Trainee: 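Just dropping this structure here.
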Amino acid sequence: MISTTSSTVEMVTQGKLEINAENVEEKSSQNLGCFGWLLVIISLIFIAATFPLTLFMCVKIVKEYERAVIFRLGRIKDKKPKGPGLFFVLPCTDNFVKVDLRTVSFDIPPQEILTKDSVTVSVDGVVYFRIHCPISSVANVSNAHSSTRLLAQTTLRNVLGTKNLSELLSDREGISLSMQESLDDATDAWGIKVERVEIKDVKLPQQLQRAMAAEAEASREARAKIIAAEGEMKASRALKEASLVISEAPSALQLRYLQTLNTIAAEKNSTIVFPLPIDMMQSFMQRK
């Protein structure tokens with residue numbers, strides 16, 4: 001099901017790109033006019049007249065990760081960009097723009113954001129994107145990289161403004177996916193594909209950090225007291241059972257006395273305390 005959905009999304013994206021490219025081509029395929037064709041013919045005559053020398057001006061090279069968008073008299077020449085490798089341009093009527101197709105990453109500056117539960121936090125992140133339609137990135141936006149950076153900052157503010165502090169601290173992956181989808185939809189018309197968005201750091205105010213630390217410490221102390229109380233309850237039950245066993249056999253108490261004396265003597269103490277049974281004292285008290 002997931003693969004089917006992803007393939008459907010890719011088909012829709014490719015369809016959008018084809019529609020955008022066709023629109024650009026329809027706009028650029030208009031007639032150059034008599035004066036335009038005259039300039040093209042003059043350029044061809046100039047190239048033929050100075051053939052070996054103009055070869056260096058007409059032949060251009062783009063690298064494997066680059067594409068060239070050619071403009072002839074201000075109009076986009078072809079539907080598809082040129083490259084990689086060699087391509088031919090007219091020296092007087094054509095100019096071209098190189099577009100880098102490699103993945104670009106940039107840091108989102110720390111943004112002061114007010115969360116849904118009215119807590120001010122400072123959040124920064126990183127965005128990875130690449131240009132997948134060079135013609136759209138040149139024809140539809142003046143500076144694709146700068147526009148994407150500014151849009152990423154506003155998207156970060158808008159997405160995190162709808163989250164609580166607990167969601168912001170625990171659900172970073174979901175927030176990153178939400179930001180990626182929003183950025184990808186917004187930059188699709190610019191020929192940009194947002195590959196990944198990550199939340200780097202969430203900085204809380206010092207007072208809030210102290211309050212959260214005090215809350216966590218109090219919670220740990222409460223759990224420790226509960227555990228100690230449960231241990232004392234279990235120990236008291238064990239002592240009660242031991243006293244019942246000893247009460248059934250009085251000689252067991254004497255053996256316990258001797259065992260205690262043995263333990264004290266093993267520690268090399270100079271003073272040894274002999275326990276005196278309370279029953280003996282009661283007999284003296286009754287005589288008085």
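All values derive from a computational prediction rather than experimental measurement.
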Trainee: Do the side chains of Leu101 and Val127 join up, straight or via other hydrophobic residues, at under 4.5 Å, putting them in one cluster?
Mentor: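 Yes, Leu101 and Val127 fall within the same hydrophobic cluster.
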
Trainee: Testing the basics here: between Lys77 and Arg72, what is the closest heavy-atom pair and its distance to 0.1 Å?
Mentor: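 Here Lys77 and Arg72 meet closest at NZ-NH2, 3.3 Å.
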
Trainee: Does the structure place the NZ or CZ of Arg102 under 6.0 Å from the centre of the six-membered ring of Tyr65, at an angle of no more than 45° from the ring's axis?
Mentor: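 Satisfied, under 6.0 Å and within 45°.
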
Trainee: Yes or no on side chain to side chain contact (heavy atoms under 4.5 Å, CB included) for Thr155 and Val197, after CA distance, side-chain angles and deciding distance?
Mentor: CA-CA 11 Å; Thr155 304; Val197 178; over 6 Å; no

Trainee: When you measure from the side chain of Glu66 to the backbone of Glu64, do you find a donor-acceptor pair of N or O atoms at a distance under 3.5 Å?
Mentor: no

Trainee: Take Asp107 and Asp124, measure what side chain to side chain contact (heavy atoms under 4.5 Å, CB included) needs, and give me the verdict at the end.
Mentor: CA-CA 7 Å; Asp107 292 330; Asp124 58 354; over 6 Å; no

Trainee: Is there side-chain contact between Leu165 and Leu204, with heavy atoms separated by less than 4.5 Å?
Mentor: yes

Trainee: To the nearest 0.5 Å, tell me how far Phe96 CZ sits from Lys82 NZ.
Mentor: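 Spacing of CZ (Phe96) from NZ (Lys82) equals 13.0 Å.
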
Trainee: Between Asp184 and Gln180 (side chain of the first, backbone of the second, donor and acceptor by atom type, cut-off under 3.5 Å), is there such a pair?
Mentor: no

Trainee: What distance do Lys80 atom NZ and Arg67 atom CZ have between them, rounded to the nearest 0.5 Å?
Mentor: 11.5 Å

Trainee: To check you understand the geometry: which heavy-atom pair defines the closest contact between Ser122 and Pro110, and what is its length?
Mentor: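 Here Ser122 and Pro110 meet closest at OG-CB, 3.6 Å.
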
Trainee: Just checking Arg157: does its CZ atom have more than 12 heavy atoms from other residues, nucleotides or ligands closer to it than 6.0 angstrom?
Mentor: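 Yes, enclosed.
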
Trainee: According to a hydrophobic-cluster definition based on side-chain heavy atoms being under 4.5 Å apart (Ile, Leu, Val, Met, Phe, Trp, Tyr only), do Phe87 and Val69 belong together?
Mentor: no

Trainee: Report yes if the side chains of Ile108 and Val123 come closer than 4.5 Å at any heavy-atom pair, otherwise no.
Mentor: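 Side-chain contact under 4.5 Å: no.
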
Trainee: Please report the shortest heavy-atom distance between Val62 and Pro84, naming the atom on each side.
Mentor: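 Minimum heavy-atom separation between Val62 and Pro84: CG2-CA, 3.7 Å.
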
Trainee: Are Lys163 and Asp171 within salt-bridge range, i.e. N to O under 4.0 Å?
Mentor: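 Not counted as a salt bridge, because no side-chain N and carboxylate O are separated by less than 4.0 Å.
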
Trainee: When you group the ILVMFWY residues by side-chain heavy-atom contacts below 4.5 Å and let the links chain together, are Ile199 and Val126 in the same group?
Mentor: no

Trainee: Look at the side-chain heavy atoms of Ile, Leu, Val, Met, Phe, Trp and Tyr, link any pair under 4.5 Å apart, and say whether Val97 and Val89 land in one connected group.
Mentor: no

Trainee: Please tell me whether Thr115 and Asp117 have a donor and an acceptor in their side chains that are separated by less than 3.5 angstrom.
Mentor: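 Short answer, yes.
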
Trainee: With a 3.5 Å cut-off and sequence neighbours excluded, list the donor-acceptor pairs that the side chains of residues 221-236 form with protein atoms.
Mentor:
{"from": "Arg223", "atom 1": "NH1", "to": "Ser219", "atom 2": "OG", "distance (Å)": "2.9"}
{"from": "Ser236", "atom 1": "OG", "to": "Glu232", "atom 2": "O", "distance (Å)": "3.2"}
{"from": "Ser236", "atom 1": "OG", "to": "Met233", "atom 2": "O", "distance (Å)": "2.6"}

Trainee: Say you draw a straight line from NZ of Lys193 to SG of Cys133; how long is it, rounded to the nearest 0.5 Å?
Mentor: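 Lys193 NZ to Cys133 SG: 13.5 Å, rounded to 0.5 Å.
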
Trainee: Is there side-chain contact between Ser137 and Val99, with heavy atoms separated by less than 4.5 Å?
Mentor: yes

Trainee: With sequence neighbours excluded, tell me which residues meet ring pair (Phe, Tyr, Trp, His ring centres under 6.0 Å) with Phe71.
Mentor: none

Trainee: Measuring from atom NZ of Lys203 to atom CD of Gln111, what distance do you get when rounded to the nearest 0.5 angstrom?
Mentor: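 Answer rounded to 0.5 Å: 12.5 Å.
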
Trainee: So, Ser178 side chain and Ile175 main chain: donor-acceptor pair closer than 3.5 Å or not?
Mentor: no

Trainee: In Å and rounded to the nearest 0.5 Å, what is the OG1 to CZ distance from Thr93 to Arg75?
Mentor: 13.5 Å

Trainee: Does the side chain of Asp100 come within less than 4.5 Å of Ile131's, by heavy atoms?
Mentor: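 Result no, sub-4.5 Å side-chain heavy-atom pair not found.
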
Trainee: Please identify each residue that fulfils ring pair (Phe, Tyr, Trp, His ring centres under 6.0 Å) with Phe106, with sequence neighbours left out.
Mentor: Phe129

Trainee: Quick one: pull up OG1 in Thr187 and NE2 in His132 and give me the separation to the nearest 0.5 Å.
Mentor: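 That separation rounds to 7.0 Å.
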
Trainee: Check Ala152 against Met179 and note the closest heavy-atom contact, atom names and distance.
Mentor: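 Heavy-atom minimum between the residues: O-CE, 4.1 Å.
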
Trainee: Quick one: closest heavy-atom pair of Ile113 and Gly161, and the distance?
Mentor: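 Looks like CG2-N, 4.2 Å.
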
Trainee: Hey, any chance Val121 and Leu160 share a hydrophobic cluster, counting ILVMFWY side chains that come within less than 4.5 Å of each other, even indirectly?
Mentor: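 Result: yes, single cluster for both.
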
